[in-house]
Amino acid sequence: MGIVFWIILACIFAGLEIIIPALITIWFAFAALLLVMLSFFNFFILSPFMEWKFFIFVSVILLLLTRPFSKKYFQNQKEEFRGDWVGKELVIEKVIREGYYEAKFKGSIWTLLSEDSLEVGDIVKIVSYEGNRIIVKKKEA
């Protein structure tokens, strides 16, 4: 296919990894870079079909070897990150509707869910979280 093609493909996959950090497309970029190096040093000459087979084989092997570890690492990191939220106090800034509220937390506006009836200015404690919503209870005086 040519060195230029594989360089462009490696740059595209590396760019996608920056935009979507999930440790998936980086392995495609590494496989394309490996083909660039092999083509540049003329270790062996492959037909375009064989280059694609090599690219897919290396990408899949790298993905299968590293994906379970990276997924486990990122899942543990996510749990640790939000685990320290429990018990923090927030102040209700807006009532959306009964059971749904908004508060500023860690520099962002978050949607809060609560079974308690709350008003603007009430202080609540974080009980848990569900997706991108924080579950809270009214702070007892």
Tell me every residue that passes salt bridge (Lys or Arg N to Asp or Glu O under 4.0 Å) with K125, counting only those two or more places apart in sequence or in another chain. none
Applying salt bridge (Lys or Arg N to Asp or Glu O under 4.0 Å), name anything that partners E102, two or more places apart in sequence or on another chain.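 E102 satisfies salt bridge (Lys or Arg N to Asp or Glu O under 4.0 Å) with no other residue.
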Taking the side chain as C-beta and beyond, is there a heavy-atom pair between S114 and K138 under 4.5 Å?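 No. Closest side-chain heavy atoms not under 4.5 Å.
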Does any non-hydrogen side-chain atom of I134 lie less than 4.5 Å from one of T111? no
Gap between atom [atom2] of [Y] and atom [atom1] of [X] - 0.5 Å precision:
X	Y	atom1	atom2	value
L112	Y129	CG	OH	15.5 Å
F54	F49	CZ	CZ	14.5 Å
L33	L9	CG	CG	9.5 Å
I135	L113	CD1	CG	4.5 Å

Begin with the C-alpha distance, continue with both residues' side-chain angles, and end with the deciding distance and a verdict on side-chain contact (heavy atoms from CB on, under 4.5 Å) for I24 and L63. CA-CA 7 Å; I24 294 176; L63 192 61; 4.1 Å; yes
Closest non-hydrogen atom pair, [X] against [Y]:
X	Y	answer
V86	V127	CG2-O, 3.6 Å
Y101	L118	OH-N, 3.2 Å
I123	E89	CG2-OE1, 4.0 Å
T25	E17	OG1-OE1, 2.9 Å

Report the C-alpha separation of K104 and W110 in whole Å, then their side-chain angles, then the decisive distance to 0.1 Å, and conclude whether the side-chain contact (heavy atoms from CB on, under 4.5 Å) test is met. CA-CA 6 Å; K104 188 175 261 188; W110 287 80; over 6 Å; no
For E119, which residues count as a side chain to side chain contact (heavy atoms under 4.5 Å, CB included) partner, sequence neighbours excluded?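 With sequence neighbours excluded, E119 shows a side chain to side chain contact (heavy atoms under 4.5 Å, CB included) to D122, given in chain and number order.
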ILVMFWY network linking [X] to [Y], side-chain heavy atoms under 4.5 angstrom:
X	Y	answer
V91	V95	no
W52	L38	yes
I96	I109	no
L90	Y100	no

Can you list everything that forms a side chain to side chain donor-acceptor pair (under 3.5 Å) with E93? Sequence neighbours excluded, please.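 None.
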Full working for ring-ring contact (aromatic ring centres under 6.0 Å, His included) between F30 and W6: CA-CA 10 Å; F30 282 145; W6 292 111; over 10 Å; no
Per the side-chain hydrogen bond (donor to acceptor under 3.5 Å, both in side chains) rule, what does the pair list look like for residues 53-66, sequence neighbours excluded? W27-T66
Residue set satisfying ring pair (Phe, Tyr, Trp, His ring centres under 6.0 Å) with F13, at least two apart, ordered chain then number -> F28
